[in-house]
Amino acid sequence: MASIFTRIVEGEIPSYKIAENKDFYAFLDINPLAKGHTLVIPKKEVDYIFDMEDPLYKELFLFAKKVGKAIETVIPCKRMGLIVFGLDVPHAHIHLIPINKSSDMSFDSPKLSLKNEEFLEIAAKINQAFKESS
Ligand code: AMP
């Protein structure tokens, strides 16, 4: 069965899209630790990120870098945190989280509860920044 993220890529399940190219897709995490918390995934479904072929693995991180830089232009932060868990969704993904201190990366912290309009506004701004940088 296709992963929930494959279903997002295929448009079966809606997402707050940030960026896309032929191999990768980026969208807002629906349980964000911070405004702009984004997931970057390969379109080709692979569960464990270390099982990705090296060229695609490298490209995934380069794509995540571009997306992270676009997020930074919209969400002021000291750094862009990158983390990989993949314990819940068996489809490789990088979390990009705008942070100001290390505890901002803690997944034990309460998640933000954002309204649909807020997600849409953040996604639109980051999407614009990404397009302008490409
Ligand atoms: P993990 O697999 O442990 O890295 O966690 C999966 C992440 O995917 C969590 O942060 C979820 O909030 C996020 N997530 C799950 N389903 C969706 C969805 N439909 N849209 C956006 N984010 C999702």
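Whatever order the structure lists them in is the order used to number ligands and atoms, beginning at 1. Sequence positions, counted from 1, serve as the residue numbers for this chain.
- Using 4.0 Å as the threshold, K111 has no heavy atom nearer than that to any atom of ligand 1.
- Residue Y16 places no heavy atom under 4.0 Å from ligand 1.
- Considering every non-hydrogen atom in both A70 and T73, the closest pair reads O-OG1, 2.7 Å.
- Considering backbone and side-chain N/O of I13, none are found under 3.5 Å from N/O of ligand 1.
- Where the criterion is an N or O separation shorter than 3.5 Å, residue side chain and backbone included, F27 fails it with respect to ligand 1.
- Not a single heavy atom of V84 sits under 4.0 Å from any atom of ligand 1.
- At a 4.0 Å heavy-atom cut-off, ligand 1 does not touch F119 at all.
- With hydrophobic clusters built from ILVMFWY side chains whose heavy atoms lie under 4.5 angstrom apart, I99 does not share a cluster with V67.
- By the 3.5 Å distance cut-off applied to N or O atoms, H37 is not counted among the residues near ligand 1.
- The pair K43-E20 meets the salt-bridge criterion, with a side-chain N (NZ, NE, NH1 or NH2) lying under 4.0 Å from an Asp/Glu carboxylate O.
- Heavy-atom distances between H95 and ligand 1 reach below 4.0 Å in at least one pair.
- Looking at S103 and S106, their side chains never bring a donor and an acceptor atom within 3.5 Å of each other.
- Residue contacts with ligand 1: I30 is placed with a nitrogen or oxygen under 3.5 Å of a nitrogen or oxygen of the ligand (distance criterion only).
- A heavy-atom separation below 4.0 Å is not found between S15 and ligand 1.
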